[in-house]
Structures are given as structure tokens and as C-alpha cells.
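Position 1 is the first residue of the sequence; numbering continues from there. Computed from a predicted structure; not experimentally measured.
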Amino acid sequence: PGIEKDSLKMTLRDISSREIDESTALAFPDQTLLVQNPVTIKYRFEPGSEEDGVFINVPVDLLGSLESAEIEWAVPGLIQERCVAMIKSLPKAVRKNFVPVPEFVNQVLAGKTPGDKPSLMQLLADAAWRLKRIRIDPSDWDYASIPGHLLPRLRVIDQQGNALAVDQDLEKLKKQLLLSQPKTSVVRHSLERSGLTDGSFDDLPSVVEIHQGLTLLRYPALQDNKD
């Protein structure tokens, strides 16, 4: 009595319009910077499916400049769980030195931010030696045992936004696509010179930016054409 008959009903909007708090938005952003360019991140929850997890759209022109550490830190909310999974992937004789694993990982990650972007493998290996005097060989890591949803998938796209390939292995994507993609015309930088016969130029910067829709990083060097 006194209760409207529809007041206990819920609609799809009621359960799907929950606002995301600021800490969640920072941990699982919709966008990140890769090689100084904003790229979109998509999330899909389909446990047991190959489509489950995180997808990062990567323009093919950025692929050659991309480093794996940037991908590892793209979604801060996955870092702690992924590091725990990495430690648990070690041989039993090694991983037993880091029990309880979550506590060790939290100690390693304390003070680290996505802006630092160290390689997680190197970060954990360095901490293992510094804190436990345990050496971890690169061959000790068993990446095949790490749950797939903790490894972002890279969806490489062309200039029209079409997907060229999807994979979690950055080096595999580079080998697959960088040689097969047609060369695009590249904007020349003002530093470029040809026909020089002496050292009549200033010191070269270590890196320059070329703006061609995307911000592309280039590393100046001298090339002897033996003319």
C-alpha cells in the first residue's frame, strides 16, 4: 500500500548509466599517448573469448617508433595485476622468494607512474636483485601463462581507420606490417641536406619531430653516399 506498482521496476538505463569515478577513469582511460600521439583504448568484457580484454588502436605510421614499455603502461589499472601474474609465471624455485607476491609487487610499484614507463620485466628484475638479491634471467619469464586480458591487444589501423592486424605481440606486428606496407610520402625536415662535402653544419639534435597528421619522431644522422 502506498507504493506505486512500477516503482520497483528497473530499466536497462538504471543499471548501465552508473557514473565512473575519477580514480577508475584514470586507471582505465579511454585514451593514452603513444609516441606523443593520442590513441583510443577500447574495453570488452567477454570472459573466455579472444575478444575479451583491452584493445589499443595504433596508426600504422607509429608502429616503427613504438616500444613495448609504452604499451605496458597504457592502462595503469592493469599494471599491478600483470606484475603479480609475471612473478607467478617464474619457476617455483625463483618465485618462492617473493611470497607474498602482491606485497612484493606493491613495494616495487610504489612511487612509479605511467609517465616513467619502465619495462615491467626490467623493473621487476631490478627490484628482485635490489630487494631480495635474487637474479631473474630473461628466460625465466613465462609470458604464455599470463592471462590474456592483462595483455593489451594492438589493433593496427591505416589512415582510413581500417584494421590491418590485431595482436598482443608488438615485434610480430612490426615484422608483419612494416615491410608489407607501401611507403607513404614523408614531409622533409629543414635539417635535411644532400651533397655536403665537409662538416659545415651545426651539431645534430638527438631527435626531431615531423608533423604529418601524426607527430612522428625522427633521429637525425649522417649518411655517406660515397659520391
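Contact detail for P76 and P29: the closest heavy-atom pair is CD-CD, 3.9 Å. In terms of heavy-atom proximity, H149 sits nearest to L78 at O-CD1, 3.9 Å. Minimum interatomic distance between Q168 and L151 (heavy atoms only, all atoms of both residues): NE2-O, 2.8 Å. Here the shortest heavy-atom pairing between E70 and L33 reads OE2-O, 4.1 Å. Across all non-hydrogen atoms, the minimal contact from V84 to P102 is CG2-CA, 4.1 Å. Of all the heavy atoms in C83 and L120, the pair that sits closest is SG-CD2, 4.0 Å.
Around atom CD of E46, more than 12 heavy atoms belonging to other residues, nucleotides or ligands sit under 6.0 Å away. Heavy-atom contacts from other residues, nucleotides or ligands closer than 6.0 Å to NZ of K172 number 12 or fewer. Environment of CD in Q31: crowded, with over 12 heavy atoms of neighbouring residues, nucleotides or ligands closer than 6.0 Å. The environment of NZ in K174 is crowded: more than 12 heavy-atom neighbours from other residues, nucleotides or ligands sit within 6.0 Å.
Between the side chain of D126 and the backbone N or O of L124, no donor-acceptor pair lies under 3.5 Å. A donor-acceptor pair under 3.5 Å is absent between the side-chain atoms of W141 and the main chain of S89, judged by distance alone. Using modelled atom types, no side-chain atom of N162 and backbone atom of D158 make a donor-acceptor pair closer than 3.5 Å. A donor-acceptor pair is defined here as one N or O able to donate and one able to accept, closer than 3.5 Å; such a pair exists between the side chain of R95 and the backbone of L90. Checked by atom type and distance alone, the side chain of Q80 never pairs as donor or acceptor with a backbone atom of N106 at under 3.5 Å.
Residues V39 and V58 form no side-chain contact, since every pair of their non-hydrogen atoms from C-beta on lies 4.5 Å or further apart.
Residues L131 and M121 are members of one and the same hydrophobic cluster, defined by side-chain heavy-atom contacts under 4.5 angstrom among Ile, Leu, Val, Met, Phe, Trp and Tyr.
Distance check: L173 CG to D167 CG gives 5.0 Å after rounding to the nearest 0.5 Å. Taking CD1 of I136 as the reference point, atom CD of Q122 lies at 10.0 Å (rounded to 0.5 Å).
Ring geometry for Y43 against F28 counts as perpendicular: the plane angle is over 60°, on a 0 to 90° scale with 30° as the lower cut.
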